[in-house]
There are 2 protein chains.
Amino acid sequence: MKRNTWQKEAVRSALGDAGGFVSAQALHASLRESGSTIALATVYRALTGLTDEGEADSLQQEGEVLYRACTPGTHHHHLICRRCGTTVEIEAQPVEEWARRTAAEHGFTRAEHVVDIFGVCARCSDLVDRASRP
Amino acid sequence: MKRNTWQKEAVRSALGDAGGFVSAQALHASLRESGSTIALATVYRALTGLTDEGEADSLQQEGEVLYRACTPGTHHHHLICRRCGTTVEIEAQPVEEWARRTAAEHGFTRAEHVVDIFGVCARCSDLVDRASRP
DNA sequence: CGGCTTACTGAGAACCGTTGTCAAAACCAT
DNA sequence: ATGGTTTTGACAACGGTTCTCAGTAAGCCG
């Protein structure tokens, strides 16, 4: 039987607070900083659980996996700030159709797609510009 | 100055023969099987080089990086068979525009996108169906 | 409430893909 | 051929993630 522990709840809550994609390690560090004694392995286990249950999305970047609390049960894509991780959920009906059609055209079945946009958000853009100016 | 060695050529050629996305380790294994004495680290270095020079594309899947020889100098996406790695290069003008527009709408700059479709190719579909039938 | 089963946790070791190190080998302009 | 430098190969090191296992604690049941 599945049990509820404060550890799982802490991870779910911290993930929600993060607002964007974060690594398991970063999440663990921030939980530790706010006084929690949760173990790293437990954070990994909780994140895996959340992902399996559709409460979180994950993506791989530079050799590590990033997680994010996501609206459950909806198919959507992400617009992610490379600098701060801030993420916007986006829908893309036309892209869904394009993907389905393209796969079918080439005889592919069971098609899934990965569609994410990485950029620098307005706020971070600002900071960068300011910094590079004398 | 950059030098040419048989090792780099061997990797380029093996990558071309692979036809789809393959891992560095798999490439190294297949080179070894065909008699080469090339070292794993060299395969990694060659693949990094090819990727930097635009001769290969790479993507991450399940914690490892996969490489593929790609038409240089063209922006394109991939339709990849989950089972055998066979890959079709696809162009997606509408998706490019959608990505650019979406990023701009949310104030994001320096936008890049990841658009890949994973499925099961016709041949593998066939094999799977045949296997599951009595 | 208290006992009991069993899932979950914590700590550290193990794992695995990848990168770094450094002496030896090989490339190539001369 | 020779010398200056890039590359290579073997192996150690690294970093993120998963495994192991003994100890802890949810939550059912009386």
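The basis for the numbers below is simple: all heavy atoms, side chains too, and nothing from hydrogens, waters or symmetry mates. None of the values given here were measured: they were computed from a predicted structure. Naming convention: chains lettered A, B, ... in sequence-line order (proteins, then strands); numbering from 1 in each chain.
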To the nearest Å, give me how far apart [atom1] ([X]) and [atom2] ([N]) are.
X: B:Asp52; N: C:dT19; atom1: CG; atom2: P; answer: 11 Å
X: B:Gln61; N: C:dC16; atom1: CD; atom2: P; answer: 18 Å
X: A:Gln60; N: C:dT18; atom1: CD; atom2: C1'; answer: 14 Å
X: A:Leu66; N: D:dG15; atom1: CG; atom2: P; answer: 17 Å

Notebook entry, point to check: What's the closest nucleotide to the B:Leu40 side chain, out of D:dG9, C:dT18, C:dG10?
Noted result: C:dT18
Check: Of the nucleotides C:dC8, D:dT7, C:dT19, which has the atom closest to the B:Tyr44 side chain?
Finding: C:dT19
Count the heavy atoms of every other residue, nucleotide or ligand shown that sit under 6.0 Å from [atom1] of [X], and state whether that count exceeds 12.
X: B:Glu62; atom1: CD; answer: no
X: B:Glu105; atom1: CD; answer: yes
X: B:Glu91; atom1: CD; answer: no

Note to self: Check this for me: does any side-chain nitrogen of one of A:Glu97 and A:Arg100 sit under 4.0 Å from a carboxylate oxygen of the other?
What the structure shows: no
Item checked: Close approaches to DNA chain C from residues 15-29 of chain A, in residue order (heavy atom, under 4.0 Å) -> none
Check: Just by distance, with hydrogens left out, do B:His78 and B:Glu89 show a side-chain donor and acceptor under 3.5 Å apart?
Finding: no
Next item on the list: Measure from the ring center of B:Tyr44 to the ring center of B:His28 and say whether it is less than 6.0 Å.
Entry: no
Notebook entry, point to check: So, do A:His113 and A:His75 have ring centers that fall under 6.0 Å from each other?
Noted result: yes
Notebook entry, point to check: Which stems does DNA chain C form, counting runs of 3 or more consecutive Watson-Crick or G-U wobble pairs with both distances under 3.5 Å?
Noted result: C:1-30 with D:1-30
Check: What string of B, S and - do you get for nucleotides 20-30 of chain C, 5' to 3', when a contact is any protein heavy atom under 4.0 Å?
Finding: BB----BBSS-
Note to self: As a test of understanding, state which of B:Asp57, B:Leu79, B:Ile80 forms a side chain to side chain contact (heavy atoms under 4.5 Å, CB included) with B:Asp116.
What the structure shows: B:Ile80
